[in-house]
Amino acid sequence: RQTVYCSNASQVTVTIPQDTSVAYPVGTRINIVSGGAGGVTLTTTGLTLLPATANTTIAQGEAFFLEKAAADTWIVVGGTS
């Protein structure tokens, strides 16, 4: 498990890579916490997010919890919009 803490005053974009770039093992957990006023947006091009309606933005003081379910498939908990 890894935690990424973002503390920028401007929006931060975090890219979750496709399996062909970084083959994280299934079950990998990544926590992303927004401590800065700018918030965080996930870039997930080419990936499947579960649930399909998963949010990809968090505001200051919020967090995402990501778990790899399969190649190019991530479970996302958290997010506001």
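Quick note: numbers below take in every heavy atom, side chains included, and nothing from hydrogens, waters or symmetry partners. Just so you know, these numbers come straight off a predicted model, no measurement behind them.
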(message) Asn8: which residues meet the side chain to side chain donor-acceptor pair (under 3.5 Å) condition with it, sequence neighbours left out?
(response) none
Roughly how far, to the nearest 0.5 Å, is [atom2] of [Y] from [atom1] of [X]?
X     : Y     : atom1 : atom2 : result
Phe64 : Ile58 : CZ    : CD1   : 5.0 Å
Asp72 : Thr44 : CG    : OG1   : 11.0 Å
Leu66 : Ile75 : CG    : CD1   : 10.0 Å
Cys6  : Gln60 : SG    : CD    : 12.0 Å

Please list every donor-acceptor pair under 3.5 Å in which a side-chain atom of residues 20-42 meets a protein atom from a residue at least two apart or in another chain.
residue	atom	partner	partner atom	Å
Thr28	OG1	Pro25	O	2.6
Arg29	NE	Glu67	OE1	3.3
Asn31	ND2	Thr3	OG1	3.3
Ser34	OG	Gly36	O	3.4
Thr41	OG1	Gln11	NE2	2.5

(request) Using side chain to side chain contact (heavy atoms under 4.5 Å, CB included) as the criterion, list what pairs up with Thr15, not counting sequence neighbours. (result)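 For Thr15, the residues satisfying side chain to side chain contact (heavy atoms under 4.5 Å, CB included) (neighbours in sequence not counted) are Thr43.
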(message) How close do Leu47 and Pro17 get, counting heavy atoms only, and between which atoms?
(response)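 Shortest heavy-atom separation between Leu47 and Pro17 comes out as CD2-O, 4.0 Å.
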(request) Identify the two heavy atoms, one from Asp19 and one from Ala71, that lie closest to each other, and give their separation to 0.1 Å. (result)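 Heavy atoms of Asp19 and Ala71 come nearest at OD2-CB, 3.5 Å.
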(message) With clusters defined by side-chain heavy atoms of hydrophobic residues (ILVMFWY) lying less than 4.5 Å apart, directly or transitively, does Leu49 cluster with Val4?
(response)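 In one cluster: yes.
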